[in-house]
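Presented below is the structure to which this report refers.
Throughout, numbering of the chain's residues begins at 1 and tracks the sequence.
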Amino acid sequence: MSRIIVFGAGGKAGRAVISEAVNRGHDVTAVVRDPSKYEDLGVTVVAGDVCDASSVASLATGHDAAVNAAYDPQSAPADFFVGAAKAFLEGLPKAGVGRAVVIGMVSNLEVAPGLRMLDTPDFPEAYREFAQGHTAGLDTLRAAETELDWVVLTPPMVLDLAARTGTYRTGGDQLLAKEDGTSHLSYADLAVAIVDEIENPQHHRTRIAVAD
């Protein structure tokens, strides 16, 4: 059994990770902004700030792995995702946590060699700031000289509440699509991939795509 701390535990992805980890016998701590709103999570729930290194270090002490499934819609995307990356890089080693799994964003996957989705002509302008902020967080992790063993798991555009199958595919920086061009994953199977990377790490200080 491992002790896993999940930041952003109140969202769909965070809840799925908690369910998967608990079902596998792990001890989970859920980090949210307001614990009084998340008494239904069924695990230890604490208040914390994923962008504050001291908060991350304090809350993560005694855990074996950390997951970042958080987002603050009130913050500028670049500030939030870069801040969260820096807080993990600083706070988790101080806490003695060696493994971190971060949920990435499909927009910075490549749809053709050297061409990211966010750089395509028809990428929606309304999502550009969010995509660029997420990418800045990834770049912060990639540029760091750190002892933290991190991995970013990037799901496809379509994430839904379909039932858990326990199966998924992984790739590198390229969008994973089926022969018909579709790419999909359930939150439940994203959680399977995340907990798998905690139990049996296969990818180290890198980003991978994950899809059905």
Side-chain angles (χ1 to χ4, degrees), residues 1-31 41-43 50 60 63-71 81 84-85 88-89 92 97-111 116-117 131 134-135 137-138 141-142 148-212:
M1 180 185 76
S2 294
R3 294 196 68 203
I4 301 170
I5 186 166
V6 181
F7 291 82
K12 293 183 179 70
R15 287 174 178 272
V17 172
I18 290 171
S19 178
E20 181 68 23
V22 168
N23 287 340
R24 296 201 204 181
H26 298 296
D27 184 7
V28 178
T29 299
V31 183
L41 290 177
V43 297
V50 72
H63 293 80
D64 303 295
V67 176
N68 185 10
Y71 175 56
F81 291 112
F88 260 36
L89 289 165
L92 293 180
V97 177
R99 184 62 166 167
V101 183
V102 177
I103 297 176
M105 186 182 183
V106 67
S107 300
N108 51 43
L109 288 175
E110 294 181 356
V111 295
R116 302 176 302 180
M117 181 183 292
H134 229 303
T135 303
L138 172 61
L141 291 171
R142 284 175 161 168
L148 180 65
D149 186 14
W150 60 268
V151 63
V152 174
L153 266 59
T154 303
M157 183 71 73
V158 180
L159 271 169
D160 61 32
L161 298 175
R164 179 188 189 277
T165 69
T167 62
Y168 56 89
R169 294 179 296 145
T170 60
D173 283 326
Q174 295 74 39
L175 178 70
L176 290 174
K178 296 181 178 180
E179 292 183 0
D180 62 3
T182 61
S183 185
H184 156 274
L185 193 67
S186 68
Y187 284 101
D189 286 333
L190 173 60
V192 172
I194 289 169
V195 180
D196 282 352
E197 280 290 340
I198 292 172
E199 290 184 343
N200 184 26
Q202 297 295 307
H203 303 89
H204 308 278
R205 300 183 182 89
T206 190
R207 185 269 293 279
I208 63 171
V210 57
D212 64 352

Which atom pair, heavy atoms only, marks the closest approach of [X] to [Y]?
X      : Y      : answer
Ala16  : Ala191 : O-CB, 3.3 Å
Leu185 : Asp212 : CD1-N, 3.6 Å
Ala100 : Leu92  : CB-CD1, 3.7 Å
His63  : Val97  : O-CG2, 3.4 Å
Ser186 : Ala162 : CB-O, 3.5 Å
Ala30  : Val43  : CB-CG2, 3.8 Å

Original post:
Is the Phe7 ring parallel, tilted or perpendicular to the Phe88 ring (thresholds 30°, 60°)?
Top reply: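 Judged by the thresholds at 30° and 60°, the geometry between Phe7 and Phe88 is perpendicular.
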Between atom [atom1] of [X] and atom [atom2] of [Y], what is the distance when rounded to the nearest 0.5 Å?
X      : Y      : atom1 : atom2 : result
Gln202 : His204 : CD    : NE2   : 6.5 Å
Leu141 : Thr206 : CG    : OG1   : 11.0 Å
Asp189 : Thr165 : CG    : OG1   : 3.5 Å
Trp150 : Glu197 : CH2   : CD    : 12.0 Å
Glu199 : Ile194 : CD    : CD1   : 12.5 Å

Subject >> Donor-acceptor contact below 3.5 Å, side chain Thr135 vs main chain Ala131 >> reply: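 Between the backbone of Ala131 and the side chain of Thr135 there is a qualifying donor-acceptor contact (under 3.5 Å).
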Original post:
Do any N or O atoms from the side chain of Asn200 and from the backbone of Asp196 form a donor-acceptor pair under 3.5 angstrom?
Top reply: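 Absent.
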**OP:** List the steps and the verdict of side-chain contact (heavy atoms from CB on, under 4.5 Å) for Ile5 and Val67.
**Re:** CA-CA 6 Å; Ile5 186 166; Val67 176; over 6 Å; no
Does any non-hydrogen side-chain atom of [Y] lie less than 4.5 Å from one of [X]?
X      : Y      : answer
Arg24  : Val192 : yes
Thr29  : Ile4   : no
Arg116 : Val111 : no
Leu161 : Tyr187 : yes
Val31  : Val6   : no
Arg99  : Asp149 : yes
Val210 : Leu176 : no
Ile103 : Pro155 : yes

**OP:** Report the C-alpha distance between Met117 and Val106 in whole Å, list the side-chain angles of each, state the deciding distance to 0.1 Å, and finish with yes or no for side-chain contact (heavy atoms from CB on, under 4.5 Å).
**Re:** CA-CA 8 Å; Met117 181 183 292; Val106 67; 3.9 Å; yes
Between the side chains of [X] and [Y], does any donor sit under 3.5 Å from an acceptor?
X      : Y      : value
Arg207 : Thr154 : yes
His134 : Ser107 : no
His184 : Asp160 : yes

**OP:** Show your working on side-chain contact (heavy atoms from CB on, under 4.5 Å) between His26 and Ile198 and close with a plain yes or no.
**Re:** CA-CA 11 Å; His26 298 296; Ile198 292 172; 5.7 Å; no
**OP:** Quick one: list whatever passes side chain to side chain contact (heavy atoms under 4.5 Å, CB included) with Asp27, sequence neighbours left out.
**Re:** Met1, Arg3
Subject >> Stepwise side-chain contact (heavy atoms from CB on, under 4.5 Å) test for Leu138 and Asn108 >> reply: CA-CA 9 Å; Leu138 172 61; Asn108 51 43; 4.1 Å; yes
